[in-house]
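What follows is one structure encoded as C-alpha cells, with my remarks underneath.
Here is how names work: the chains are called A, B, and so on, in the same order as the sequence lines, proteins then strands, and each is numbered from 1.
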2 protein chains.
Amino acid sequence: MDIGKNIRIKDIAKLAGVSVGTVDRVLHNRGRVSDEALKKVTAVMDQIDYKPNLIARTLGSNKNYKIAALIPDPTGDPYWAQTNLGIIQAQAEWAQYGVTVDTYTFDIFDKDAFRGLAMEVLESAPDGIVIAPIFYHESLPAFELFQNQSIPYVLFNTNIPEAQPLGFIGQNLNQSGRVGAELINLGQHESGTFAVLHIDEDVHDSIHLLEKEKGFREYFQEHRKHKFEIVDFILNPNEPTFKNQLIELLGDDTLKGIFVSTSKGTAVAASFLEKYGKKDIRLIGYDLLEENLKYLRSGIIDFLINQNPKRQALLGISHLVNHLMFKKSAPALELFPLEVITQQNVDSYLGSGIH
Amino acid sequence: MDIGKNIRIKDIAKLAGVSVGTVDRVLHNRGRVSDEALKKVTAVMDQIDYKPNLIARTLGSNKNYKIAALIPDPTGDPYWAQTNLGIIQAQAEWAQYGVTVDTYTFDIFDKDAFRGLAMEVLESAPDGIVIAPIFYHESLPAFELFQNQSIPYVLFNTNIPEAQPLGFIGQNLNQSGRVGAELINLGQHESGTFAVLHIDEDVHDSIHLLEKEKGFREYFQEHRKHKFEIVDFILNPNEPTFKNQLIELLGDDTLKGIFVSTSKGTAVAASFLEKYGKKDIRLIGYDLLEENLKYLRSGIIDFLINQNPKRQALLGISHLVNHLMFKKSAPALELFPLEVITQQNVDSYLGSGIH
DNA sequence: TTTTAAAATGTGTACGCACACACTTAATTT
DNA sequence: AAATTAAGTGTGTGCGTACACATTTTAAAA
C-alpha cells in the first residue's frame, strides 16, 4: 500500500506524459483521444490503483439530482407512513448535496390512476426513481417507459424480478414465513391448529402475501414433530362477514397460534384476541406500528417480524444517489434481515436511530 | 424551505456586508473580529439556516486523520476477530478520505502490558482513539492521559460511564439479559430450573457479564408464572473442574434451559449438550461465531443474541471520523438493537452486508 | 504630528475533479 | 500553397470551504 498521498488525476497525467484533460477523457471516455495517448494512460492505470476522490468529484460536477419516489398514499396508513418517513429522512440527508426527492403517492384501490401517475413522474424527468410496485401488472409498462428514457429505478417492498431494476430492497418473503412458523412452533408440545391470516383491505398483493404462507407451510413440512393443522384465511376487514369469521376461528379450542401476514392485520387480530380473552394463543405479525407496539407490550402479540419500511425507503434512495452521484454500484438485491421483535427487545430497536 | 441554491459563506458575507474571511472567523471563532462585524454576521446567521457544505469542507481542509484502535488480540479469538473485521472495513471505507487506522492489540491476560500499550498509542499522537476497554481499572488512567492530550476517544463493547468518552457504542446488558430470559421462558409450561453460565477464560469482565444475569433474574421476578429456580455459575473452561461442573449441571433433570452470557461459552455449552444428547434443553447464547452458527443450524442452540462486534467497531470509527472530519456530533450513547437470531432468520443476517 | 504596533478585515490560493474552451497539430479541400 | 476542417490536446475556471497572507484601519507610543 502506498502510504501517504492518494493518487490524483494530476499524478496519472504526469506519469503518462499527457495532460489532465486527456486523462479525464480516457477515464470517462468522453471526447476523442489518440490511440497513442490512450495506450499511455491505460498503461499507467493498470499499474496503479486509482481511486477517484469522491468528495472532490461531487464538488466539481456541481449537479443537482432529482429523484422521484412512488409510494401508496401514506395518509391514514401507518405502514406506508413509515415508508414516507424514510423518504423524508433521505430527503433531509441528501438535500445539502443537491438532491431533491419528490414524492408521488397513489391510491391503492385505484390501479388506473397509477398509470397516469407513472406518466406524470416521467414528465417531471427525474434522474432516478424509487418505487414500491405493489401493482404487478400495472407496474410493468411503467418500467418499460423508465427503461426507454434510461432513467434508473430502484424497487423496494415488493420485488418484481422481471422489472430489471437497478436494485431491489426488501426481504425474502418465503423465509419470512418460515421465521413466523419457527416462532409459532417454539415450545408447542401438543398437537393443535395454527391459523394463517391474510388480513388486507385489498387483495392485490395476495400473491405477495401467499409467499409468506408458503414458507410458513414449508417449515412445518420439514419439522413435523407433532400433528399440526394449518388453516388459512384471506380476509377483508371491510367485509361484513369479517367479524364472524374471526370469532368462529377463535372459537376453535385447538387453536394454538395465529400468524398474520400483514402489519395492519396484526393489530386487528390482536384486538380480537384481547376482546375475547384469548391471551394464550400465540400471535405473530409484522412491523413496529404504533398499534402493534401496544399489543406487543401488553403481551397479546408475542412476536413481530420487522420489515423496516422506513429503512427500505431510505436505503432505496441512498442506492440511487450512490449510483447517480458517486457512480457507485449497489448490490442488485439487498435483503434485509428478518428482525424478530419481542416485548423485551422492542425498545432497543425503537431507540436505535438507524434501525 | 428555500428551493434551489444552498446558502454559502459568500452569501452570508454579502448579506452582512463583510468579507468571507470575517464570516469564517465568526463561524469558527478564530482570529479577531470587531463587535460590530460580529453583530452583523450573527444577525444574518439568526435569520437564515446555514448548513455548511461538508463536501467542500473536507476538500478544503485537506487533513489526514490518524485513528488508533485498541482491542484485545483477535488471533484465535472469533469474537475479537469480528471486531477486527469491523476495523478493517472502516479502514477501507475511510481510506480515500485520508483516514488511517492503526490497530493496537493487547493480551487479555496481561493487564500490565495494557498500560504500556496505552502509552505507545499516545506516543503515536493519533487524532482519535477507539477502544474496547475490557479492563476497568487499567483503562481509567489511560482515559485521563487521552483527556490531557485532548484526544477524543470512543468506547465500544464495554461501557465505562466514568470515562467521559465522546461516545459509547454497544448494548444495554441488563436488557440483553431480559431478552435471554424472555426467550428461555417462552412456551415453558412446567416448573423447573434455568441455568446462567458465565463461561470465560478470564474473570475480568465478570461485572460486565453479571449485568446480563441481573436483567435475566429481574425478568423472572416480574413474570413469575411458574416456579423457576435460577442457578448460576462462573466457569473457566481451562480449569480442570470445568467439565465435571457442567456434567453435573446437565444431570439435573429439572433443567429446562441454559443462558450463556459469553459468545465463546455458548459454543462450549452447546458441545456438551450435543455430546450428552440433551437437545431438549433450551440454549440461548451470544453472537454469530462460526461455531455457534453450526450449533444453531443443528438445533442445539435455540437462540443467539447478536452483539454485532463487527458493526460496533465499524460505527465507533465512523463516529470518530464524523467528529473529526465533519465536526458532526454523534449520540453519546448508541445502543444497538438486541437482535434475536434463530435457525430461520440467521441467513438473512449473514447475507445482509450491513449487519 | 509622525511612527509603530496591534487589531480588524479583505484577498488569494489550494483542495481534486469536471468541464468548457482555447489551442496545436494533422488531414482535407480549394 | 493557402485555407478550411477535423482531430487531438492542454489550459483555465468553478464548485464551497479553510487558511495563509496582504492590506487597511484603529489605537498607542514616541
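For A/Val18, taking side-chain heavy atoms from C-beta onward, the closest of the listed nucleotides D/dT9, D/dG10, D/dA18 is D/dG10. Of the candidate nucleotides D/dC21, C/dA7, D/dC19, D/dC21 has the atom nearest to the side chain of B/Arg25. Candidate nucleotides C/dA18, C/dG16, D/dT17 were compared by shortest atom distance to the side chain of B/Tyr50, and D/dT17 ranks first. Proximity note for B/Pro52 (side chain, C-beta onward) versus C/dA18, C/dG16, D/dT17: the nearest is D/dT17. Of all nucleotides listed (C/dT9, D/dT17, C/dG16), D/dT17 comes nearest to the side chain of B/Asn53. Distances were taken from every side-chain heavy atom of A/Asp24 (C-beta onward) to each of C/dA18, D/dT17, D/dT9; the shortest belongs to C/dA18.
Comparing B/Ala56 and B/Ser34, the nucleotide of DNA chain C nearest to each residue sits closer to the 5' end for B/Ser34. Taking the nucleotide of DNA chain C with the nearest heavy atom to each of A/Arg57 and B/Thr22, the more 5' of the two is matched to B/Thr22.
Atom CE of B/Met325 and atom P of C/dC15 are 16 Å apart (whole Å). Separating the CG atom of B/Asp35 from the C1' atom of D/dT25 is a distance of 16 Å, rounded to the nearest angstrom. As rounded to whole Å, 20 Å separates atom P of D/dT9 from atom NZ of A/Lys14. Distance CD1 (B/Ile7) to C1' (D/dT17): 16 Å, rounded to an integer number of Å.
Side chain of B/Lys66 to backbone of B/Ser124: a donor-acceptor contact under 3.5 angstrom is found. Using modelled atom types, no side-chain atom of B/Glu339 and backbone atom of B/Asn306 make a donor-acceptor pair closer than 3.5 Å.
Backbone-only contact: A/Arg8 has heavy atoms under 4.0 Å from sugar-phosphate atoms and none from a base. Across all strands shown, B/Val20 has heavy atoms under 4.0 Å from base atoms, whether or not it also approaches the sugar-phosphate. The residue B/Ile9 sits close only to the backbone: its heavy atoms come under 4.0 Å of sugar-phosphate atoms, none of a base.
Taking the six-membered ring for Trp and the full ring otherwise, the centers of B/Phe156 and B/Phe168 sit at least 6.0 Å from each other.
Between B/Phe114 and B/Phe135, the angle of the ring planes goes over 60°, which puts this pair in the perpendicular group of the 30/60° scheme.
Under a 4.0 Å N-O distance rule, the pair A/Asp11/A/Arg8 qualifies as a salt bridge.
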